[in-house]
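All values below were derived from every heavy atom in this structure, side-chain atoms included, with hydrogens, water molecules and symmetry-related copies excluded.
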Amino acid sequence: MNLVQPIPVGSAQVTEPQAEISARLERLPITREVFWARNIVGAATFFDGYTVIAIAYAMPVLVREWGLTPGQTGMILSMGYLGQLIGAILFGWLAEKVGRLKVLLFTILLFVSMDVACLFAAGATMMMAFRFVQGIGTGGEVPVASAYINEMISSKGRGRFFLLYEVMFLLGLVGAGLIGYFMVPLYGWKAMFVVGLVPAILMIPLRWFLHESPRWLVANGRYDEADRIVSRLEKSARDAGQQLPEPKIVAAPFQRRSDWRELFQGIYLKRTLSIWAMWFCAYMVANGTITWLPTLYRQTFNLPLETSILYGFFTSVGGVVAAVICAFLIDKVGRKRWYTGALLIAPLPLLLLAWLGATSATQVLILAALAYAIVQTVTFSLYLYSAEIYPTRLRAIGTGTGSAWLRLGSSAGPIVVGFIMSTMGIQYVFATFSVILIVGALITMLFAIETKGKVLEELSP
């Protein structure tokens, strides 16, 4: 049996296994194994993003083919997000109990199988049901994957490394736009779901080539397994010519079992409530905007189907560009400062759009896309921030419950858009969204903590 060797912390001698594994991971560069782990999990996340938004590009056809009302349209768009709410909480909790990789495999299997089911939907009710169950799978994949990737890397450059992985989700949104533009007009709405079957092949590398998170293993009393994995990563770094410094413990985590109630105790109470508000506000606006835009261009401005989908695609591309910029700068700017600034700036084009009356598709394309791109820098990076503010014993469940508010916001967004458009007019949608973002900015300014450049165990004992 491997024994943990004492590592100095100041003048003390410590033999705490979690602290030792963390200290060894912190000194590692990005090894080949970690790089490919990010890419393989990122591929799964790409199709998670694709699956989430695919319905938006199928909807302009379904509205006419099934004779859907604005209320039915909003419900179909929202049911996937309601399922994601359940999946985020359920699988976040399960990942703390059985491990990150097992849960990732099951969530992918679930959302792929429901992609098959959506191909056979014959009306609004069936599509709502299939999208709800599919959402359970997609809702569980991203928070668990986020916890996994965060636990594999050191604090140095963590923001950029992780967010370049998160860009895969946004590329999935863009991929859905491309498929929608080229295939839906030719082959109908089912083309969107046929392409969604591709991630089934990801089960092979996920099952056979990735290893469990060492931080999770050692937190659950499986030091020998964690030690073997970290030793392999250390060997890989040395084989690549890297000189590894002696591991240095910054903080030793508390020895406690995972208990969801701790999310509402001590320092974690304020963190939990503030991150919930940030998730809800940012995603209500972002997904309320992006899911409705193709249908809005088609139904309100009477644009051709191809043009409606293309305009939605342009908006998704703008979000990806903004996200990549954020990925390269957030380690310098800091999380709290970036989020506060973005949530204060994004309402400006929305307020201008409300003042102009949103009377043309061009106005909406330029101003709504600009606001969406700014908000997208917050939405896609909150998985990074959520995983940073919780300890290993709470990371998956904390990220999962936090992202459950993402699902509430995302499901509420399309419903709110449908209601306001039916009763007051489209310009009031954008005015409402601007107020929601300002509230999110104030909460971030008052309650969020800064995490850049800090070891996970230092941030969350």
Report yes or no: do [X] and [Y] form a side-chain donor-acceptor pair below 3.5 Å?
X: Tyr390; Y: Thr272; answer: yes
X: Glu141; Y: Thr138; answer: no
X: Tyr383; Y: Thr399; answer: no
X: Ser381; Y: Tyr339; answer: yes

Do other residues, nucleotides or ligands put more than 12 heavy atoms under 6.0 Å from Phe264 CZ?
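More than 12 within 6.0 Å, yes.
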Does Lys102 have more than 12 heavy atoms from other residues, nucleotides or ligands lying within 6.0 Å of its NZ?
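At most 12 heavy atoms, drawn from other residues, nucleotides or ligands, come within 6.0 Å of this atom.
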Counting only N and O atoms by type, is there a donor-acceptor contact under 3.5 Å from the side chain of Glu212 to the main-chain atoms of Arg100?
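Here the side-chain-to-backbone pair exists.
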Does the pair [X]/[Y] count as a salt bridge with the N-to-O cut at 4.0 Å?
X: Arg395; Y: Glu388; value: no
X: Glu26; Y: Arg215; value: yes
X: Glu450; Y: Arg337; value: no

The test is side-chain contact (heavy atoms from CB on, under 4.5 Å); show your working for Leu119 and Asp115 and say whether it passes.
CA-CA 7 Å; Leu119 290 170; Asp115 222 66; 6.0 Å; no
Run Phe120 and Phe130 through ring pair (Phe, Tyr, Trp, His ring centres under 6.0 Å) and show every step you take.
CA-CA 10 Å; Phe120 298 96; Phe130 294 149; 8.7 Å; no
Heavy-atom pair with the smallest gap, counting every atom of Tyr311 and Ala361
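Closest approach of Tyr311 to Ala361, heavy atoms only: CE2-CB, 4.2 Å.
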Indicate the ring-plane relationship of Trp405 and Trp276, choosing parallel, tilted or perpendicular according to the 30° and 60° boundaries.
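Parallel.
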Not counting sequence neighbours, which residues clear side chain to side chain donor-acceptor pair (under 3.5 Å) with Glu33? List them please.
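Applying side chain to side chain donor-acceptor pair (under 3.5 Å) to Glu33 gives Ser236.
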